[in-house]
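Since the structure comes first, as structure tokens, the remarks are kept for the end.
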Amino acid sequence: QVQLVESGGGLVRAGGSLTLSCAASGRTGSRYAMGWFRQAPGKEREFVAAVNWSGTKTGYGDNVKGRFTISRDNAKNTVYLQMNSLKPEDTAVYYCAGRISTYSTYHTDDHLYPDWGQGTQVTVSS
């Protein structure tokens, strides 16, 4: 059983920054890939960013590339999402996801993640 708990969401003005955190606990093992997804009202869930279990490989959705940065601290079992230059269209519920992964790659497909957090709201005002 794995538990993922997100934090750091909130209200920010356009152009501002936020950092989301996701703490993992339980049976994650030593090779646990993680990712961030988001879902805005009336829209499909969207890939935001992902990182492999060692933190050496990262990937980003086209809508956030160059503005968001994903990182992880394996000593703390925590993954972070640094969000800069936020836009109103970044408004969504942000979800952390994880999966045990023996491969040294990250995963962009939400269907590959069995573990999910409860989500944290990010609202960007114009």
Side-chain angles (χ1 to χ4, degrees):
Q1 193 82 0
V2 174
Q3 295 81 40
L4 301 176
V5 179
E6 303 102 330
S7 60
L11 173 64
V12 64
R13 288 187 176 181
S17 299
L18 275 177
T19 300
L20 305 183
S21 300
C22 174
S25 61
R27 296 178 179 267
T28 62
S30 60
R31 298 192 175 197
Y32 195 69
M34 300 183 77
W36 287 96
F37 295 81
R38 67 186 183 187
Q39 188 166 21
K43 293 189 176 182
E44 298 282 322
R45 188 159 59 191
E46 176 187 20
F47 167 69
V48 176
V51 61
N52 68 343
W53 63 267
S54 63
T56 56
K57 296 181 181 179
T58 59
Y60 297 92
D62 289 340
N63 290 336
V64 307
K65 207 170 288 184
R67 300 187 297 123
F68 291 10
T69 302
I70 189 170
S71 61
R72 65 186 299 159
D73 183 340
N74 284 345
K76 297 181 179 180
N77 280 343
T78 300
V79 66
Y80 304 96
L81 185 69
Q82 173 68 44
M83 305 185 293
N84 297 327
S85 303
L86 283 161
K87 306 175 181 179
E89 50 264 45
D90 293 318
T91 295
V93 177
Y94 283 70
Y95 296 92
C96 174
R99 61 164 286 154
I100 293 173
S101 178
T102 57
Y103 300 101
S104 60
T105 187
Y106 56 84
H107 306 280
T108 63
D109 184 348
D110 58 349
H111 295 95
L112 295 178
Y113 290 93
D115 305 322
W116 291 85
Q118 81 287 353
T120 185
Q121 176 71 45
V122 172
T123 303
V124 184
S125 64
S126 57

Please tell me whether V64 and L20 are part of a single hydrophobic cluster in this structure, the criterion being side-chain heavy atoms less than 4.5 Å apart.
yes
Return the orientation label for the Y95 and W116 ring planes: parallel under 30°, perpendicular over 60°, tilted otherwise.
perpendicular
To the nearest 0.5 Å, what is the distance between CZ (R13) and OG (S126)?
10.0 Å
Rounded to the nearest 0.5 angstrom, the CD-CG distance for Q121 and L11 is 9.5 Å
Minimum side-chain heavy-atom gap R38-N63 below 4.5 Å
yes
In Å, rounded to the nearest 0.5 Å, how long is the span from OG of S71 to CE of M34?
11.0 Å
Hey, any chance V122 and L4 share a hydrophobic cluster, counting ILVMFWY side chains that come within less than 4.5 Å of each other, even indirectly?
yes
Over 12 foreign heavy atoms within 6.0 Å of NZ, K65:
yes
Co-membership, hydrophobic cluster, residues Y32 and V48, 4.5 Å side-chain
yes
Got F68 and L86 here, is their nearest side-chain heavy-atom distance under 4.5 Å?
yes
Is there a path of hydrophobic side-chain contacts, each under 4.5 Å between heavy atoms of I, L, V, M, F, W or Y residues, that connects W53 with L81?
no
Exercise answer: donor-acceptor pairs, residues 97-105 side-chain atoms, under 3.5 Å, sequence neighbours excluded:
residue	atom	partner	partner atom	Å
R99	NH1	L112	O	3.0
S101	OG	Y103	O	3.2
S101	OG	H107	NE2	3.1

Contact summary for V51 and V79, nearest pair of heavy atoms
CG1-CG2, 4.0 Å
Give a yes or no on whether R45 atom CZ has more than 12 heavy-atom contacts from other residues, nucleotides or ligands under 6.0 Å away.
yes
Any side-chain to backbone donor/acceptor pair from N52 onto G55? Under 3.5 Å, distance only.
yes
Applying a strict under-4.5 Å side-chain criterion to I, L, V, M, F, W and Y, I'd like to know whether F47 and V93 cluster together.
yes
Looking at T78 and S21, what are the two nearest heavy atoms and their distance?
CG2-CB, 4.3 Å
Of all heavy-atom pairs linking Q39 and K43, the shortest is NE2-O, 3.0 Å
Atom pair OG1 (T123) and CG (D90), whose distance is rounded to the nearest 0.5 Å
11.0 Å
Is R67 close to Y60 at the side-chain level, that is, under 4.5 Å between some pair of heavy atoms?
no
Let me confirm one number: the CD-CG distance from E44 to D110, rounded to the nearest 0.5 Å.
9.0 Å
If I compare all heavy atoms of C96 with all of E6, which pair ends up nearest, and what's the gap?
N-OE2, 2.8 Å
Please list, chain by chain and in numerical order, all residues satisfying ring-ring contact (aromatic ring centres under 6.0 Å, His included) with Y113, sequence neighbours excluded.
F37
So do I70 and Y106 actually touch side chain to side chain, heavy atoms under 4.5 Å?
no
